[in-house]
2 protein chains.
Amino acid sequence: MNKKKQQILTTGKDLFWKYGIKRVTVEEICNRSGVSKMTFYKHFSNKYDLAMDIMDSIYDENINRYREIMSSDREYKDKVADLYKIKLDATNDMSHEFLNDYINSGETELISYLNGKIEKIMGIIINDFIIAQEKGEIRKDIKPEFINFFLDHMVKMSGYPELIKLYSNAQEMILELLNFFFYGILPRSEIINLNKQKFKNDV
Amino acid sequence: MNKKKQQILTTGKDLFWKYGIKRVTVEEICNRSGVSKMTFYKHFSNKYDLAMDIMDSIYDENINRYREIMSSDREYKDKVADLYKIKLDATNDMSHEFLNDYINSGETELISYLNGKIEKIMGIIINDFIIAQEKGEIRKDIKPEFINFFLDHMVKMSGYPELIKLYSNAQEMILELLNFFFYGILPRSEIINLNKQKFKNDV
DNA sequence: TATAAATATATGAATATAGTACAAATATAT
DNA sequence: ATATATTTGTACTATATTCATATATTTATA
């Protein structure tokens, strides 16, 4: 990778993260990264092209982290816990300003590109869930998309003050969420026993 | 205070805090605060005039908090600890983006205005230090300006990762800093005893 | 030294923004 | 209810900013 291009990507990300895309000018990116405007346009056709590249690299990075975790031969439960911790979904890693400007840029090309990326990632994740399901690591009567949806929401939830304030610290909350997640989807016989007991008490 | 003006001030602060002054447009402030451009220009002559008003109110608010703390008849030590906790110096309360744009606005009038405000606040604080010094609450051989300087740096220091990582939590660090601050400036006889003991050990 | 890459500066065109004018709408007080 | 003041929406112009490209010069590299 070209050194100058890397500098543009780095400062571009820094600025976009802070201020969003539309508030940042090409000239500013050039000045801060110590690169002339000409070299900028040598590598990127415009500001939104740079934004696309940045988004690209983030997704690739996250996909790699995902693959690394999933390829290890640990317990399935531990792998999912790791996914949760690194917040796999790249949109969670982005600043609100950046994603917002990206979507509202009006550049339909960008949006469809982003959707394609997300679709691809979702495909990989859901496929892995299906495999895990076939292996018996997840209950067979759950839709894989639901699991992915819930995992995504769990990450979001852990940022909500309303939830956080229920626990004395974040670790406790994460543990609680993970426990809920696993005891809800893992085929544990304890759940059946628990249900029976509950039933007895009700009667 | 006019309701519309207050709305402009609030959203102005919100936007300036996030993006700095130069990245925010008058129209944006108007739209977000639900106020027409005409009423904006009725209350403020331009964007930097609004910024000045915002800075004004912050300083006034902080001055009031300061006065409130200092007028209470608690121990001097406790008062200073409170000052440290609320980060009295208004510049610390400001976003880096805002202060930076404010100073680099090129509007010399703004800068001198800010300097005047700071000078005034410094005067009040230092005067209080001198009074405390005369009362014997602070060692007589310390320059009040130094104390103020150090207090200010202490606030900044408590934001440094290098320092933070030395302690298991922020509370511990704050305590450490405060202890250092007071045992350094308070006229405690223990310090003399400590010195004697240390000397004995060395021999 | 020859060749490629990067820079500084200038420039025109497109776009965004600031600030004002004015008629219509809304709120407020009597 | 009516007169008065306030606010709004829209339009408008002048100015400023930004984009994107062109060209001459400098710097790095093989």
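Since the model is a prediction, treat every value here as computed from it, not as a measurement. Heavy-atom basis, side chains included; hydrogens, waters and symmetry copies ignored. Just so we're on the same page: letters track the sequence lines, and every chain starts at 1.
Of the candidate nucleotides dC19(D), dT7(D), dT7(C), dC19(D) has the atom nearest to the side chain of Y41(A). Each of dA6(C), dT21(D), dT7(D) was ranked by its minimum atom distance to the side chain of S36(B); first place goes to dT7(D). Here dA6(C) is the nucleotide among dA6(C), dT20(C), dT7(D) with the atom lying nearest to any side-chain atom of K42(A). If you check dA6(C), dA8(C), dC19(D) against the side chain of T25(A), the one that comes closest is dC19(D). The side chain of T39(B) has dT7(D) as its nearest neighbour among dG19(C), dT7(D), dA8(C).
Among the atoms of the strands shown, only primed sugar atoms or phosphate atoms (P, OP1, OP2) are found under 4.0 Å from some heavy atom of K4(A).
If you take NZ of K47(A) and P of dA14(C), they are 18 Å apart, rounded to a whole angstrom. Atom CD1 in I29(B) sits about 12 Å away from atom C1' in dT17(C), given to the nearest Å.
No donor-acceptor contact under 3.5 Å links the side chain of K37(B) to the base of dG9(D).
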> Passes side-chain contact (heavy atoms from CB on, under 4.5 Å), M55(B) versus F98(B)? Steps please.
Replying inline: CA-CA 10 Å; M55(B) 193 161 271; F98(B) 180 68; 3.5 Å; yes
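Between the side chains of N62(B) and R65(B), at least one donor N or O sits under 3.5 Å from an acceptor N or O. A side-chain donor from one of D128(B) and Y66(B) sits under 3.5 Å from a side-chain acceptor of the other.
Stem regions for DNA chain C, each three or more consecutive Watson-Crick or G-U pairs with both distances under 3.5 Å and listed by first number, read C:1-30 with D:1-30.
For the OP1/OP2 pair of dA20(D) and a distance below 4.0 Å, the side-chain nitrogens and oxygens of S45(A) include no atom meeting the criterion.
Side-chain contact between I63(B) and R67(B) is present, with heavy atoms from C-beta onward closer than 4.5 Å.
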